[in-house]
Amino acid sequence: MGMCAVRRTSRATVLAGLLCVLLAAGADLHAGAAAPRPRLLVLGDSIAGGSAQGGNGSQGWPSLVAEQLGLTLRLDAKGGTGYTTGGRQEGGRPYPQRVEQAIAAEPDVVVVEGSRNDVSPVKTRAAAVDTLRRLRAGLPHARILVIGPVYSFLRPIDSHPIDTAVSAAAETLGVPYLSAVRRGWFTGSAHRFIGGDGVHPTDAGHAYLARQIRPEISRLLHVRDRSG
């Protein structure tokens with residue numbers, strides 16, 4: 001009897017020890033598990049979505065920025081679209097009609113780009129205010145960055161009516177704004193990054209765009225830039 005009692009006690013001790021080891025291992029695995037990657041959603045036109053000139057898939061600036069900052073990307077970019085136009089591609093819709101889909105994705109940061117496809121400054125400003133107001137209401141904890149229309153003028157210009165309209169909308173909502181016009185992104189020597197159609201960036205142009213945009217998103221999310 002005594003031996004059996006000792007044996008049972010020993011077995012219980014061993015099992016308890018094994019349980020402690022397993023629990024500790026589980027805690028270590030849980031502690032070492034990677035945190036969820038922040039989610040980036042880009043809403044835009046062909047400057048964000050790519051074109052026949054370049055910037056498609058992993059070569060586009062949204063993908064490059066997401067990779068370099070360690071973000072998960074959701075891209076909603078259709079050529080020919082803008083705040084006021086759905087373009088001519090199948091499934092193209094103006095930005096305000098794509099807000100609910102953006103909210104449903106629950107991104108941590110939203111970049112709204114464009115659009116050179118908009119024509120009326122008055123209508124563009126109103127549609128941009130509507131888009132940004134609804135994004136902010138539906139995603140109260142997300143960061144929002146607005147990038148103005150990206151033109152490809154060889155020489156710098158002081159202003160553009162659509163850029164001014166979108167800038168005013170962003171200012172109304174207190175949203176950070178990047179003006180490609182005022183910064184002259186594709187003017188001068190940088191015009192070499194525009195493809196043969198004179199409108200859309202090449203793959204090198206998208207890499208160039210990523211370098212302009214990435215620091216702004218990094219600051220908004222307080223994430224480390226992995227581009228080296």
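Every value quoted in this text rests on a predicted model; they were computed, and no experiment measured them.
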Between [X] and [Y], which heavy-atom pair has the shortest distance, and what is it?
X    : Y    : result
A102 : P107 : O-CD, 3.3 Å
G196 : Q53  : N-OE1, 2.9 Å
A165 : P121 : CB-O, 3.4 Å
L64  : S58  : CD2-O, 3.6 Å
S152 : G198 : OG-O, 2.6 Å

Does the side chain of [X] reach to within under 4.5 Å of the side chain of [Y], using non-hydrogen atoms?
X    : Y    : value
E100 : R134 : yes
S167 : Y177 : yes
L41  : E106 : no
L135 : V112 : yes

Check: [Y] main-chain N/O paired with [X] side-chain donor or acceptor under 3.5 Å:
X    : Y    : answer
R136 : R133 : no
W61  : I47  : yes
K123 : Y83  : no
T131 : A127 : yes
S63  : Q59  : no
R116 : V150 : yes
R98  : R93  : yes
T202 : I194 : no

From CA spacing to verdict: side-chain contact (heavy atoms from CB on, under 4.5 Å), W185, Y151
CA-CA 8 Å; W185 276 357; Y151 297 99; over 6 Å; no

Determine whether [X] and [Y] fall in the same hydrophobic cluster, where Ile, Leu, Val, Met, Phe, Trp and Tyr are linked whenever their side-chain heavy atoms lie under 4.5 Å apart.
X    : Y    : value
L73  : L43  : no
V146 : I213 : no
V42  : L71  : yes
I144 : L173 : yes
I103 : Y95  : yes

Inspect the surroundings of CD in E171 and state if more than 12 heavy atoms from other residues, nucleotides or ligands are less than 6.0 Å away.
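No, not enclosed.
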
Establish, from distance only, whether the side-chain atoms of [X] and [Y] form a donor-acceptor pair under 3.5 Å.
X    : Y    : value
S179 : D163 : yes
D203 : H206 : no
S46  : H200 : yes
D45  : S115 : yes

Among L178, L221, V109, exactly one meets side chain to side chain contact (heavy atoms under 4.5 Å, CB included) together with E216. Which residue is that?
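That would be L178.
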
With rounding to the nearest 0.5 angstrom, report the [atom1] to [atom2] distance, [X] to [Y].
X    : Y    : atom1 : atom2 : answer
R37  : D108 : CZ    : CG    : 12.0 Å
F153 : H191 : CZ    : NE2   : 10.5 Å
T124 : I162 : OG1   : CD1   : 4.0 Å

Please lay out, stage by stage, how L139 and V110 fare under the test side-chain contact (heavy atoms from CB on, under 4.5 Å).
CA-CA 9 Å; L139 297 167; V110 179; 3.8 Å; yes

